[in-house]
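Okay, structure first, notes after.
Lettering follows sequence order; numbering is per chain, from 1. Please read these numbers as outputs of a predicted model, since none were measured by experiment.
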Protein chains: 2
Amino acid sequence: MTESQSSRDKILDVAEALFAQRGYAGVGLRQVAEAAGLVKSSLFHHFRGKAQLYAEVLGRVLVRIRERLDPVLESGTDTERKLDRWVDALIDALAEHPTTARLLLRGLFEEDDFRADSVPEAEAVEETIAAILDGIQRLLKEGVDTGAFREVSVPHTVQTLIGATVYHFASGELGEGLLGRPLLSAEAVRRRKLELRDLLHHGLVGANRPRARSALEGRS
Amino acid sequence: MTESQSSRDKILDVAEALFAQRGYAGVGLRQVAEAAGLVKSSLFHHFRGKAQLYAEVLGRVLVRIRERLDPVLESGTDTERKLDRWVDALIDALAEHPTTARLLLRGLFEEDDFRADSVPEAEAVEETIAAILDGIQRLLKEGVDTGAFREVSVPHTVQTLIGATVYHFASGELGEGLLGRPLLSAEAVRRRKLELRDLLHHGLVGANRPRARSALEGRS
DNA sequence: GTCTATAGTGAGATAGAC
DNA sequence: GTCTATCTCACTATAGAC
């Protein structure tokens, strides 16, 4: 965020914003260069080409997310609280930069477009995704095995969690039209956590256990 | 599906598949033309340009979906069953063509790319989206007002439903890696409906009402 | 490390013959 | 309604001066 960042970081920052907004195929290196205050060919001094730049952008945001999620999984509380914290941490990560969710969701699709001109850096991206998925799957399995959660399908529940978080914050104008406010406003983020937690606690958590919910915590 | 379809329909079909796979910016009209058995310039006899072709593709799948959802909303059962049927109908619509979910989710993002070269046909797309969203919002509001559902936020719940359905079937390799089978296999579609219904019934439906669930309906 | 210049390709779109 | 030919523009990438 400071003005004394290297050209390389500046390029990554503007490329992240552009790829999130217009996608891999929709962004030209000319755009990226000019937004970074350079001329197009100067990019090739920092990155081998478009595909590598994209892979580095994607890898950077995935690592950012993983760094927020891993500590939650290692914390020593009960499974139910760990899931709450995991979801909150993911939402915080997505809400930190307005481009993150879109970049991730687009990344899911554009693998086709960009695996064509494949680069070795793409492997690091896949590994980080696998690690994140592995973490949440272990957590859910632990909950199901110990009876803290219903006997849900772990993969399907992972998909639901991704949809409820990444899709939501990537939904742009459609989501903002529904909510009537910016998706990343403090109120909307807070409310998203609350709604999702309530859904999970009534939907995931076994029904025949003592449950101390502070009824209707500050609804509008 | 027959071989005696008009060139126009053939173009729409192959464009739908290509736009779903590679996105608006990622598809060239040359690809579309050759996949339809024509040369590029022949497309311009049927469509004014790339943006209009894309708008018509998008409009067609949205109308297909709306035609499946509207009858559910007009059926005369209780709110809870209507929601179940609405979700099932949406999943059936998404599972009917393997391209639908991706096309829709990409459509959310690519509005930027393609609103640039704006076409009047885009309005019909917006209207169909608005009608679909209005329908599910009314249904959810009815459920909250009558006490059939918890006091959830209607817009947030719409977002969760979209994420749990459209995202899921658009998730491609990531989703298939998680589930270990094709997303559109009969078993995976059946299971998705079941998992989502269970989540909603334990999460959306009020907890202090008589609930006759046929315990563990055929889990693997 | 950034620049100018340029190669080489493919894009969307138009004109007009058949 | 489909074709060939062509226009203009933007793209990724490279070469080489400074």
Atom pairs under 3.5 Å: protein N/O with N/O of nucleotides 15-18 of chain C:
none

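- A salt bridge does not link A:R64 with A:E96: every distance from a Lys NZ or Arg NE/NH1/NH2 to an Asp or Glu carboxylate oxygen is 4.0 Å or more.
- Electrostatic pairing of A:D88 and A:R197 counts as a salt bridge here, judged by a charged N lying under 4.0 Å from a carboxylate O.
- Ionic pairing of A:E80 and A:R85 is not present here: no N-O contact between side-chain nitrogen and carboxylate oxygen is shorter than 4.0 angstrom.
- Going from atom NE2 of A:H45 over to atom C1' of C:dT4 covers 16 Å, rounded to whole Å.
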Listing time: all N or O pairs from protein to nucleotides 9-12 of chain D that are below 3.5 Å?
residue	atom	partner	partner atom	Å
D:dT12	OP1	A:V27	O	3.4
D:dT12	OP1	A:L29	N	3.3
D:dT12	OP1	A:K50	NZ	3.2
D:dT12	OP2	A:L29	N	2.6
D:dT12	O4	A:K40	NZ	3.2

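- Every side-chain contact (heavy atoms from CB on, under 4.5 Å) that A:L73 has, sequence neighbours left out, goes to A:D70, A:W86, A:L139.
- Looking at residues two or more places apart in sequence or on another chain, you find no ring pair (Phe, Tyr, Trp, His ring centres under 6.0 Å) involving B:F109.
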- Message: Applying side chain to side chain contact (heavy atoms under 4.5 Å, CB included) to B:Y167 and A:Q159, what does each step give before you reach the verdict?
- Response: CA-CA 8 Å; B:Y167 158 74; A:Q159 287 282 80; 3.0 Å; yes

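- In the displayed structure, B:K10 atom NZ is contacted under 6.0 Å by at most 12 heavy atoms of other residues, nucleotides or ligands.
- Here the P atom of nucleotide D:dG1 and the CD1 atom of B:I11 are 11 Å apart, to the nearest Å.
- Residues from residues 32-39 of chain B with heavy atoms under 4.0 angstrom of DNA chain C: there are none.
- The neighbour count for B:R138 CZ, taken as heavy atoms of other residues, nucleotides or ligands under 6.0 Å away, does not exceed 12.
- Counting heavy-atom neighbours within 6.0 Å of B:E126 CD, excluding the residue itself, gives a total above 12.
- For B:E34, the side-chain contact (heavy atoms from CB on, under 4.5 Å) partners at least two apart in sequence or on another chain are B:R30.
- Residue B:S42 has a polar side-chain atom (N or O) positioned under 4.0 Å from OP1 or OP2 of D:dC3.
- The interatomic distance linking A:L53 (CG) with D:dA13 (P) rounds to 10 Å, in whole Å.
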